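Here's the structure we're looking at; comments come further down.
Bear in mind that the values here come from a model prediction, so they are computed numbers and not experimental data. Order of appearance sets the numbers: ligands from 1, and atoms from 1 within every ligand.
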Amino acid sequence: MTQSVLVLGGGIIGLSCAFEAARRGFKVTLAEPGKLGGQASGAAAGMLAPFTENGEQPDSFFRLCLSSLKLYPEWVRAVEECSGLAVEWEQSGSLNVFQHEADVLPAEGRMRWQNDWGARAELVDPAALRKLEPGLSHEAAGAVFIPEESHVYAPKLVDALAAACRRLGVTILEHAGEIGAINVGLANPIRGDRVVICSGAWTTSYEDILGISIPIHPIRGQICSFDSPEGILRHMVFSSQAYWVGKRNGRIVCGASEDVAGYETAVTDKGIGRLTRATDRWLPRLQGIKPAHSWAGLRPATRDGLPLIGPITRDGEWIMAAGHYRNGILLSPVTAHLVADMLEGSLDAKRQAAVAPFAPGRFTSR
Ligand code: GLY
């Protein structure tokens, strides 16, 4: 008999889990309290940058991120084919610019292990950097170029996943409010044989129902975009103050703050001001131009910085996939595959070991 799965949360992780579970033949319902992709997923710049964003060491988290990047070609193909919508995946490569000669040595150290993991990273001197990215400030003392890194248009990926889910017969309950979120397991008409919690920064609302500690808290990311003269940015650019990503609509997205502000999603002059000052400095052609848009999302951060992926009840009836913090867009395919394997009971020993560091049960029960 077909098992039913209830996915709680319609951000990128919930939609991806629903899509993969439906592809594997489960009967899926997804309940989102608000708007699909309305929180961190909609606010994201869509960077798929495991080397640049997690550059310290090839630990289990880096390996999870890299394995997800490797799934992207098939993932994008499947989502686009099933939905008929483009997600604007740009294989732009990334440039991590530095200001001082002293930054070269640590960058070379990182590049050594990154290249062992397939980054094909290269050190770019100022003259070569001017050719690669003419719109960048001449202040740069160089950059690390990583051709493997890319980006998608996160709101379009959300829309395409939602359309693909619907095509596969997933019932999507948008604006389901607390019915879909908090009251599951009590007197709730929306049910599944299995439940997957993908509620991002709101996952803590299940602590009482489940009787477990869920150490996830919101970290606000303020972000803005500039209307840019055509061709101003060819790569994703990272600096120590901000990052910039050029989208097909001619906008340059610039992010992002990391503020502790509870569940507040308003932007502040301070947060956006820091981004505009960094933009003035690194992209001189945008000097003095005000952002066309500014917005914020709440990243789901965990106490140890690692996501929570795995069963949360002994029988495996409830699974959690949350706490992806800065890497939700990147980690969505691997999370969806892992969750679908857990639903099927087909996770092999190697993958069980790979996902063990992210087990939600690593935090003591309350
Ligand atoms: N991954 C980029 C950010 O969280 O700002």
Ala256 heavy atoms within 4.0 Å reach ligand 1 at atoms 5 (O)
Near Met47, which atoms of ligand 1 are under 4.0 Å from a heavy atom of that residue?
-> 1 (N), 2 (C)
Side chain, backbone, both or neither: Tyr325 near ligand 1, heavy atoms under 4.0 Å | neither
Mind checking whether Glu53 has an N or O less than 3.5 Å away from an N or O of ligand 1?
-> yes
In ligand 1, which numbered atoms sit nearer than 4.0 Å to a non-hydrogen atom of Tyr243?
-> 2 (C), 3 (C), 5 (O)
Can you find a side-chain donor-acceptor pair between Arg274 and Gln241 that sits under 3.5 Å?
-> no
Should the pair Trp202 and Tyr263 be assigned to parallel (<30°), tilted (30 to 60°) or perpendicular (>60°) ring geometry?
-> tilted
Of the protein's non-hydrogen atoms, which lies at the shortest distance from atom 4 (O) of ligand 1, and what is that distance?
-> Arg299 NE, 2.7 Å
Could you check if a side-chain atom of Pro307 sits within less than 4.5 angstrom of a side-chain atom of Tyr325, using non-hydrogen atoms only?
-> no
Do Glu90 and His151 get their side chains close enough for a donor-acceptor pair, meaning under 3.5 Å?
-> no
Between the side chains of Ser94 and Glu149, does any donor sit under 3.5 Å from an acceptor?
-> yes
